[in-house]
Participant: 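Attaching a single structure in structure tokens format; questions to follow.
Just so it is clear, the structure is predicted and the values come from calculations on it, not from any experiment.
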Amino acid sequence: MTIDKNFDPAAIEAKWYSHWEDTGAFRPERGDAEPYTIVNPPPNVTGSLHIGHALDNTLQDILIRHARLQGKDALWVVGTDHAGIATQMVVERKLNEQQDKRTNYSREDFIAKVWEWKEESGGQITKQLRRLGCSMDWENERFTMDEGFSKAVIKVFVDLHKEGLIYRDKRLVNWDPGLKTAISDLEVETKEINGKFWHFSYPLEDGSGAISVATTRPETMLADMAVAVHPDDERYADMVGKNVKLPITGRLVPIITDEHADPELGSGAVKITPGHDFNDFDVGKRAGFVPAEMLNMLDAEGRVVQTSDGLIPEEFIGLYRFGKEGEKTNARKKVVEMIEAAGLLENIEDRVIQTPFGDRSNEVIEPWLTDQWYVDAETLAKPAIDAVRNGDIDVVPKTWEKTYFNWMENIQPWCVSRQLWWGHRIPAWYGPKIEDGYTQKAASTVTDFVPEVFVAANEEEAIRVATDAYRKKGGLLEEQFVRVVQSQDEMFAESQPAIWQDNDVLDTWFSSALWPFGTIGWPEQTKELERHYPNDVLISGFDILFFWDARMAMQGLHFMKEVPWKTLYLHGLVRAADGSKMSKSKGNTVDPLGLIDKYGADALRFFMAAMESQGRDIKMDEKRVEGYRNFATKLWNAARFAQSNGISASKTLAAPKAELAVNRWIIGETQATLDKLNKAFEELRFDGMADIVYHFAWDQFCDWYLELIKPAYVDGEQQDMDGESQLVAGWVLDQILVMLHPFMPFITEELWHEMGTRSYDIIHAKWPAPRANVDTDASAEIEWLIKLISGVRSAKNELGIPPGTKMNAFARETSDATTARLKNQSAAIARIARLENVSLDDAPDGGSIQLVVDEATFVLPLEGVIDLDAEHARITKAIEALSKEVAGLEGRLGNANFVERAKPEAVEKARSDHAEKAAEVEKLQAALARLG
RNA sequence: GGGCGUAUAGCUCAGCGGUAGAGCACUACAUUGACAUUGUAGGGGUCGCAAGUUCAAUCCUUGCUACGCCCA
């Protein structure tokens with residue numbers, strides 16, 4: 001086996017990934033080992049891998065591979081999210097392309113079509129995650145709508161309902177007229193748009209005058225129910241209690257007082273539309289209107305409908321609330337025109353308006369009065385707040401705690417019903433109120449019909465529960481049973497006791513909140529559940545802290561009585577090179593698969609790790625990805641070099657015994673690197689991890705160690721490497737491969753096998769634990785050698801002497817230790833520093849380079865080649881730089897305050913630094929004097 | 001309006017109570033030798049501004065400025 005001259009990532013990536021997957025390498029049987037668990041944020045089944053996924057999943061894979069190398073029973077749960085709205089939109093769009101539409105199908109048929117789409121085109125992202133090298137447990141891949149998980153979702157709904165933590169309520173919701181569904185507060189994005197502020201004059205009923213109101217939404221005046229003024233506003237004191245006769249509708253509405261009216265804004269009086277404005281809803285409730293009485297004037301698509309008092313003129317019915325692209329009708333415009341025609345339009349101001357938009361549809365959200373299901377988030381949030389406060393959940397970086405607390409402490413009821421077909425259908429059935437009589441046929445009452453609600457895990461149980469309930473209330477005969485129909489209309493059409501299921505589905509996030517336990521068996525009490533809950537860490541972007549993380553904390557604590565994960569690690573966004581947010585519409589996205597094609601998955605992964613410093617977004621920098629591709633190439637070539645020098649796979653896990661200083665040194669460096677790396681893992685400092693391995697592999701191992709042990713050429717032929725160095729180099733290379741494996745799984749697996757026959761793949765190797773000591777003598781010797789070599793190289797470079805020039809050296813004032821080192825390292829000195837002979841005799845007269853290394857001065861004569869002036873300048877420059885440092889240290893040491901009050905270590909260090917540098921200055925000055 | 005974050009070399013970013021580092025870029029030199037996806041050497045920073053604390057501040061505190069994000 002010989003390593004190819006060229007490193008081609010593509011050639012090895014597919015090979016090793018399928019090997020791992022085929023051999024079950026991602027989930028080895030380790031039932032007795034300490035468990036380690038991460039659940040992957042389930043990507044949308046419609047999704048494809050974007051750069052954010054690449055970051056998120058790389059970080060997780062690093063931790064999972066590391067845990068696996070540590071011998072833990074590492075489980076990385078993977079699956080996809082059914083993504084209610086997103087998926088339904090995709091399939092509807094496909095139908096539209098064929099001049100077809102969802103409503104041409106029954107609910108069942110449409111859902112069947114979505115499943116069909118999912119089987120054919122969904123889950124593309126799972127293939128792409130494989131290309132990134134993610135070592136997930138594919139054998140147990142989950143889907144938020146698979147049978148087991150759905151069971152968990154239904155159970156959670158039923159149980160929360162039983163506990164009173166889920167309830168149905170009529171109140172204003174954020175209604176998306178584009179998608180025709182309610183959405184939660186989190187799915188609303190407030191944006192500033194340029195709008196207008198219309199000032200209308202509302203005449204008083206008694207003809208005694210008028211009151212001026214201003215609004216940004218004139219069309220809603222059709223459903224006005226009051227005019228409010230501030231209780232302290234003297235201007236309107238005598239009007240309070242009177243009625244206004246609204247223009248257009250002629251509705252009589254009272255002038256009321258409410259703190260909400262801001263005396264400073266406009267005239268100080270505001271129109272109140274409780275059915276279409278969140279503030280007005282509250283004002284309306286305070287004024288004594290119950291939600292069921294509040295006037296609604298819009299349908300699900302935002303078109304005007306008749307209010308229950310029938311006062312909206314016929315010409316308005318069916319008009320869209322305001323004009324926008326594609327909507328020819330415009331209730332807003334018509335209202336303003338009619339007000340103006342009536343002479344009641346006072347003026348129009350330009351104004352920037354905070355406007356709510358649906359995050360998926362980008363439609364202006366309409367506050368709409370409907371019955372929806374709500375989760376009592378406040379109650380569920382409390383334990384989740386405590387868990388972070390008392391450290392059961394460790395938030396990394398800590399700065400996010402404040403954001404978490406702030407949101408959780410002000411949490412609002414969570415609207416979880418969605419008017420969609422794709423998703424978990426709400427397990428609630430409705431039936432007639434017993435006191436209304438279930439055989440009631442009065443069609444006119446159907447609209448306002450308030451049903452009996454039966455929440456049950458399935459239809460059978462719902463029938464049972466409903467039957468029991470009706471019998472108990474005496475509405476059913478003993479032999480009668482409730483049956484299930486499709487809708488309330490069907491029930492009213494027939495004179496039979498019947499129930500029908502809620503048509504809505506649950507918010508996608510309601511189900512994904514159960515991911516940490518629903519994927520590992522719950523509600524069954526499985527062994528997996530016991531072993532892998534709580535999960536060890538959750539890695540997520542901060543953008544889903546509220547959507548997902550916080551809700552997992554709430555549901556996990558409620559149903560499992562334990563936190564879902566011990567650590568919550570939040571990372572930032574990957575931004576475009578210019579710092580802007582990547583988005584498809586801006587066209588500035590970077591395709592991670594393209595980067596993998598170009599530089600290899602290992603390079604992209606290493607980039608993600610290296611750039612991930614806590615609490616900061618990552619700016620895309622393709623040059624750095626390229627740099628890490630170069631790093632992989634470097635490693636490849638180092639292994640090739642090793643192989644060609646008889647270095648092969650280490651036979652030992654422990655560091656080999658070594659006599660040579662260079663080997664003792666590199667073993668110590670390996671240990672030191674490992675210590676630093678382990679610490680970085682503990683602290684989840686991904687950038688630190690990458691930095692540590694990178695510099696050890698490249699600087700220490702390749703640039704110094706391999707150069708130092710490289711055998712010399714004799715008569716054009718390279719000599720054999722000594723056996724000890726072969727063993728040690730093989731061992732160190734193995735340690736590097738293993739340490740690097742979590743970051744660069746593909747190249748490390750390839751080289752692992754190229755270096756020799758192995759009894760296991762590197763994915764299952766043992767994390768290094770050399771327990772070697774740092775040999776301080778050996779380290780000092782090699783550090784000295786490096787200083788000497790660097791000094792010679794640097795001097796030659798500055799004096800313009802070709803680096804290959806061979807010279808001799810004469811050492812002055814050498815200590816015994818230096819004399820010994822010179823002897824020990826003579827081969828390396830000759831080969832790398834190109835000093836063929838280092839003599840302890842006096843140097844001959846004439847031009848020479850003079851180097852100070854510790855106590856000794858090395859004189860390198862080269863008659864006729866040394867430019868005396870240049871050498872003079874070089875030494876002078878060095879003296880100047882050093883003298884500056886010496887002066888600084890002297891200043892500090894001369895300061896009584898420093899000597900008395902600074903930490904003793906600091907004073908001691910200043911003293912020794914000063915002595916060392918002052919001595920060096922002296923030696924350089926002596927050298928300068930000798931130069932003449 | 002409230003909260004959070006960021007400001008360090010030309011660029012992208014680490015860092016730290018003892019006067020600064022990496023990668024890229026730049027400059028010079030090098031090549032029968034693992035690697036030009038390379039090597040060696042080098043230049044480049046009053047650490048956003050101001051005040052305070054301290055023997056000592058790029059680091060801690062406060063204020064300011066600029067940019068970004070979240071919530072209302």
Participant: Counting side-chain heavy atoms from CB outward, which of U37(B), C4(B), A34(B) is closest to T399(A)?
Facilitator: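 That would be C4(B).
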Participant: Taking the side chain of L706(A) as heavy atoms from C-beta outward, which of A72(B), G43(B), A34(B) is closest to it?
Facilitator: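 Per side-chain heavy atoms of L706(A), the pick is A34(B).
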Participant: Hey, does R629(A) reach any base, or is it just sugar-phosphate, or nothing, if we go heavy atoms under 4.0 Å?
Facilitator: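 Since a base atom lies under 4.0 Å of R629(A), the category is base.
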Participant: Regarding H571(A) and D56(A), is there a side-chain donor-to-acceptor distance under 3.5 Å anywhere?
Facilitator: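 There is such a pair (donor and acceptor under 3.5 Å, judged by atom type) between the side chains of H571(A) and D56(A).
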Participant: Do the side-chain N and O atoms of E871(A) and Q850(A) include a donor-acceptor pair separated by under 3.5 angstrom?
Facilitator: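 No pair is found: no donor N or O on one side chain lies under 3.5 Å from an acceptor on the other.
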Participant: Hey, are the side chains of L788(A) and W784(A) touching, using non-hydrogen atoms and a 4.5 Å cut-off?
Facilitator: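 A side-chain contact exists here, since the closest heavy-atom pair is under 4.5 Å.
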Participant: Give me the distance, rounded to whole Å, that separates C70(B) from C64(B) when you measure between the C1' atoms they each carry.
Facilitator: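 Looking at atom C1' only, C70(B) and C64(B) are 23 Å apart.
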Participant: Just compare U37(B), A34(B), C69(B) and give me whichever is closest to any side-chain atom of Q718(A).
Facilitator: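 Closest of the options to the side chain of Q718(A): A34(B).
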Participant: Can you tell me how far apart CD (E378(A)) and CG (N410(A)) are? Round to the nearest 0.5 Å.
Facilitator: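 Between E378(A) CD and N410(A) CG, I get 9.5 Å after rounding to 0.5 Å.
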Participant: Does the side chain of W400(A) get closer than 4.0 angstrom to OP1 or OP2 of C69(B) through an N or O atom?
Facilitator: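 Checking W400(A) against C69(B): no side-chain N or O falls below 4.0 Å of OP1 or OP2.
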Participant: Got a sec, which residues hit side chain to side chain contact (heavy atoms under 4.5 Å, CB included) with T876(A), two or more places apart in sequence or on another chain?
Facilitator: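 T876(A) satisfies side chain to side chain contact (heavy atoms under 4.5 Å, CB included) with H872(A), E880(A), L928(A) only.
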Participant: With sugar-phosphate meaning primed atoms plus P, OP1 and OP2, does N645(A) contact a base, only sugar-phosphate, or nothing at under 4.0 Å between heavy atoms?
Facilitator: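 If one applies the 4.0 Å heavy-atom cut-off, N645(A) turns out to touch nothing in the nucleic acid.
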Participant: Going 5' to 3' along nucleotides 9-18 of chain B, which nucleotides have protein heavy atoms under 4.0 Å from the base (write B), which only from the sugar-phosphate (write S), and which from neither (write -)?
Facilitator: ---BSSS--B
Participant: Choose from C70(B), A22(B), U40(B) the nucleotide whose nearest atom is closest to any side-chain atom of N797(A).
Facilitator: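 Within the option list, the nearest is U40(B).
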Participant: So what does S794(A) touch, heavy atoms closer than 4.0 Å: a base, only the sugar-phosphate, or nothing?
Facilitator: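 The residue S794(A) makes sugar-phosphate contact but no base contact.
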Participant: Choosing from U37(B), C35(B), C69(B), which nucleotide comes nearest the side chain of R575(A)?
Facilitator: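 Nearest to the side-chain atoms of R575(A), counting from C-beta on, is C69(B).
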Participant: Has the side chain of K402(A) got a donor or acceptor atom sitting under 3.5 Å from an opposite partner on the base of C4(B)?
Facilitator: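 Checked by distance alone, the answer is no.
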Participant: The side chain of P803(A) lies closest to which of these nucleotides: C35(B), G33(B), A30(B)?
Facilitator: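 For the P803(A) side chain, the nearest candidate turns out to be A30(B).
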Participant: For residues 902-911 of chain A, tabulate all N or O donor-acceptor pairs below 3.5 Å that involve a side-chain atom, not counting sequence neighbours.
Facilitator:
| residue | atom | partner | partner atom | Å |
| --- | --- | --- | --- | --- |
| K909(A) | NZ | D913(A) | OD2 | 2.9 |

Participant: What contact category does E707(A) fall into here, base, sugar-phosphate, or nothing, at under 4.0 angstrom with non-hydrogen atoms?
Facilitator: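 Base contact.
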